[in-house]
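All remarks here apply to the structure that follows.
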Amino acid sequence: MKVKKMKDSRLSTIILHNVLIGVIAFIWLIPIVWLVCTSFSAFSGMNTHTFFPEKWSISYYVKLFHPDTVAQFPQWFINTFVVACATCVISTMFVLMVAYATSIMRFPMRKPLMNMAVILNLFPGMLAMIAVYFVLKTFNLTNSYAGLIMVYSASSGLGYLIAKGFFDTVPRALCEAARIDGCSEARIFFQMVIPMSRPIVVYTVISSFLMPWMDFVYAKMILNAGVSSKYTVAIGLYKMLDKQLINDYFTQFCAGGVLVSIPISILFIIMQKFYVEGITGGAVKG
Amino acid sequence: MANRTKGTVAAAVSGFFKAIGGFFSGFGTAVAKGDLFVKLSLLWWGAGYVRRKQYVKAVIMTALEAAAILFTIFFAMDYVPKFGSLGTVQAEKVFNMDTMKSEFNDYDHSFKILLFSLFSFVVWFAAIIVWIKNVINVYKLQKMEENGEHINTFREDMKTYIGERFHITLLTLPVLGIVVFTLIPILLLVFVAFTNYDQNHMPPSQLFSWVGFKNFITLFGGGGLTSTFGYAFVRVLGWTLVWALFSTLTTYIGGILLSLLLNSKKTRMPKFWRFLFVLTIAVPQFVSLLLVRNFFADNGIVNTICDNIGLTGFLNDIGLVGTTYIPFLSAPGWAHVMIIIINIWVGVPYQMLIATGVLMNIPADQLESAKVDGAKPFQIFRKITMPYMLFITGPALVTDFVKNVNNFNVIYLLTQDVYTTTDQAMGNSQAQEVDLLVTWLFRLTQDYYNYKMASVIGIIVFIICAVFTLVAFNFMIKGDKEGTYQ
């Protein structure tokens, strides 16, 4: 009798517990659900009367692939993809190079350089970027992808700490053994440490690839006066919500938002596993 | 991250100067004790290498020296002499009798003078380092020769760049990128803060010049009766700090609570729930925040619902709302609260992810023994989980605060084009009640070309972040418990 009672109360707390989580998750998902639902609306503007669209259709997804002067989604997608690929290659290289040099190698300037990085990281990236904007403007590099790629990737070396935390876990004895066997540092880097560090390489690649997709500020700054066909997805979608355009393009904005979110979400969900490992793993080891 | 960031900030400056000290003493010894060729390398960079038969290196160093000299004569000298005045010749159209067209005169471009002078300073600085380093190296070669050691051939020297000097190969490009795209811009920004570079002094058509601390005085309330920068600055700074504090604390606490909830043994399908929460942050912020902004628009869906259930009427009656809609994001007070609430929605899943990782790493034996000793779940949370969390995430909490001081996205995407200030004094300085220092600065540069004030604000932001970080880390180091959890 007593046992059964205990079981009952446990069952009810479990149900309560899960219902609570369900309610929180529900609140968190409302905007996402609204995004998806609205993207299937048959009405071009914002629906202000009901949560769900009154008439459903996929016409605005179709429209997305028939560009007009305002909305050139396929072009934006390609633009962002090109910028993202270039950024990804440069940033990944820079981050891994700096992380390896500061983690595995020992040289006199190591500490001073790392200290400089700490100080520089205190400067908000935005501030440097505003000055970079002056400079790019002087050289007429605003409204160009070259400028944008440089802004995204040139200083990426400063974000080396997570990768360094991972490299710190590579057993020193292994590197020593390789050195004694006459391996050059370059070979240790390329043929030993990199293959051993697949998780952090994946994390770095994905996170630097995602940067141009997620970013809004720098693109807004650099592509400020550009023409629609040169925008990235973020700027293009943002411009759709201009006061004059929102009534014609809101549903299309939602459709575009859904389409761009799908690949990003997949990559993000793959990445977050490594994100947690990278941050906390490094922290625990100190 | 705990121990790594801790201390380095405080040690950064002293360690840096110590390294510089060692560098110069090495140079002194080299000059004093070096032979003729070492001393000659002070003038001709390649001299010492010629003496030790490293001819390729001699050629490279000579070429570098020539490049530095040519750079100085043909580039730097065009700009650096004008650095003191930032140019004196205003751009004018003059009629050219030869071509029968009106053309621009040979005018000074203040910004180019500033930028290229700064660039020249950096190049010269690098050249001096190379010059000193070169003498030290040459002296080292002399020592090696005296001791009868083997002196590397050029090929062997090159090989060291993938061997023991591989770090130079690795670091050159990234450091160059950081110097050009972070260090020089920051220095430039600092210089601009002391000029009058704004919409009335825009190169190339106009010149700007040094004004000393005038812009700082303007920001702190001086600058004449018409200036409202002092007023706006205090309000914006206040909101920035309030925002940073609340957004950091709410998401931090929310994240820990959510992760405790999700990681409890009672949770069914924890992976599924976690997936749902991660999904909300996987959608890019410019999509989700722009959407939420329209969700809460003055004529948006939430307002319709509130109107239908009579909430708007009720708020009207008790005097909280003076309009026929609820101004979620368009009136001060309402907007401030809504922004923090919406930020909870954005930030909690992130913190949940981090907290989950940390919770999983809590030493299991501590939890076990606490349970055996009969500790209640709440006691365990207060005595073990929470101190552990704070220990690991303490430094991250500090960086989060700094990040939130600079949290551009949330504020800009939620309020740009939606919020218009009704405060005349704020409007005169192009500020809004919901602005952070960074969004204000962004608007000043992007829409009003007021670069001088933007630069001053930028410096203030840095000082706030730096002071806060130093104080916080110092405080943490005092209560150092590094060994506690190892």
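Scope of the values below: all heavy atoms of this structure, side chains included, with no hydrogens, waters or symmetry mates. Chain identifiers are assigned alphabetically (A, B, ...) following the order of the sequence lines, protein sequences preceding nucleic acid strands; residue numbering begins at 1 within each chain.
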Quiz item: Can you check whether B:Phe181 reaches A:Leu158 side chain to side chain, under 4.5 Å on heavy atoms?
Solution: no
Quiz prompt | Interface moiety of B:Phe116 toward chain A, non-hydrogen atoms closer than 4.5 Å | solution = side chain
Self-check item: Options A:Ser184, A:Ser153, A:Gly157, A:Ser156, ranked by heavy-atom pairs under 4.5 Å with chain B, top entry
Solution: A:Ser184
Quiz item: Measuring heavy-atom distances to chain B, does A:Met93 have an atom under 4.5 Å in its side chain, in its backbone, in both, or in neither?
Solution: neither
Quiz item: Does the side chain of B:Trp345 reach to within under 4.5 Å of the side chain of A:Pro31, using non-hydrogen atoms?
Solution: yes
Quiz item: With a 4.5 Å limit on heavy-atom distance, are the side chains of B:Trp273 and A:Ile24 in contact?
Solution: no
Quiz item: Going from CG on A:Leu113 to NE2 on B:His167, what distance comes out if it is rounded to the nearest 0.5 angstrom?
Solution: 9.0 Å
Quiz item: Between A:Phe216, A:Trp34, A:Phe189, which has the largest tally of heavy atom pairs under 4.5 Å with chain B?
Solution: A:Trp34
Exercise. State which residue, out of B:Thr280, B:Ile281, B:Leu258, fulfils the side-chain contact (heavy atoms from CB on, under 4.5 Å) condition with A:Trp28.
Key: B:Thr280
Self-check item: Pairs of heavy atoms under 4.5 Å with chain B: top-ranked of A:Arg179, A:Met214, A:Met97
Solution: A:Met97
Exercise. Please state whether the side chain, the backbone, both or neither of A:Met105 comes within less than 4.5 Å of a heavy atom of chain B.
Key: side chain
Quiz item: When rounded to the nearest 0.5 angstrom, what distance separates OG1 in B:Thr445 from CE in A:Met221?
Solution: 6.0 Å
Practice problem: Return the option, out of A:Cys183, A:Ala101, A:Gly257, with the maximum number of heavy-atom pairs under 4.5 Å with chain B. | Solution: A:Ala101
Self-check item: Most chain A-contacting option - heavy-atom pairs closer than 4.5 Å, from B:Leu115, B:Leu188, B:Val302, B:Leu171
Solution: B:Leu171
Quiz prompt | Whether over 12 other heavy atoms sit under 6.0 Å from A:Tyr238 OH | solution = yes
Quiz item: Where on A:Phe250 is there a heavy atom nearer than 4.5 Å to chain B: the side chain, the backbone, both, or neither?
Solution: side chain
Exercise. Would you check if A:Leu29 and B:Phe277 make a side-chain contact, meaning some heavy-atom pair closer than 4.5 Å?
Key: no
Practice problem: Could you tell me which portion of B:Leu176 (side chain, backbone, both or neither) has an atom closer than 4.5 angstrom to a non-hydrogen atom of chain A? | Solution: neither
Quiz item: Can you tell me if CZ on A:Arg187 sees more than 12 non-hydrogen neighbours from other groups inside 6.0 Å?
Solution: no
Quiz item: Taking side chain as C-beta onward, heavy atoms only, is B:Phe442 less than 4.5 Å from A:Val217?
Solution: yes
Practice problem: Can you label the angle between the A:Tyr100 ring and the B:Phe166 ring as parallel, tilted or perpendicular, going by 30° and 60°? | Solution: perpendicular
Quiz item: Do you know which of A:Ser265, A:Ala186, A:Cys254 has the most heavy-atom pairs with chain B at a distance under 4.5 angstrom?
Solution: A:Ala186
Quiz item: Checking B:Lys266 side chain against A:Leu16 main chain: does a donor-acceptor pair fall under 3.5 Å?
Solution: no
Quiz item: Out of curiosity, B:Ile178 CD1 to A:Ser155 OG, how far, rounded to the nearest 0.5 Å?
Solution: 6.0 Å
Self-check item: B:Arg268 CZ to A:Ile15 CD1 distance, which is reported to the nearest 0.5 Å
Solution: 10.0 Å
Quiz item: Hey, are the side chains of B:Phe286 and A:Ile235 touching, using non-hydrogen atoms and a 4.5 Å cut-off?
Solution: no
Quiz item: Any side-chain heavy-atom pair from A:Trp213 and B:Pro284 closer than 4.5 angstrom?
Solution: no
Quiz prompt | OH/B:Tyr449: more than 12 non-hydrogen atoms of other groups inside 6.0 Å | solution = no
Exercise. Mind ranking B:Asn308, B:Asn294, B:Asn299, B:Thr304 by heavy-atom pairs under 4.5 Å with chain A and telling me who comes out on top?
Key: B:Asn294
Quiz prompt | Separation between CD1 of A:Ile21 and CG of B:Leu276, rounded to the nearest 0.5 Å | solution = 11.0 Å
Quiz item: To the nearest 0.5 Å, what is the distance between CE (A:Met240) and CG (B:Leu290)?
Solution: 12.0 Å
Quiz item: Looking at B:Val192, B:Leu441, B:Val402, B:Val292, which makes the most heavy-atom pairs under 4.5 Å with chain A?
Solution: B:Leu441
Quiz item: What part of A:Phe94 is in contact with chain B, defined as an atom under 4.5 angstrom from a non-hydrogen atom: side chain, backbone, both or neither?
Solution: both
Quiz item: Is there a side-chain contact between A:Val98 and B:Leu170, using heavy atoms and a 4.5 Å cut-off?
Solution: no
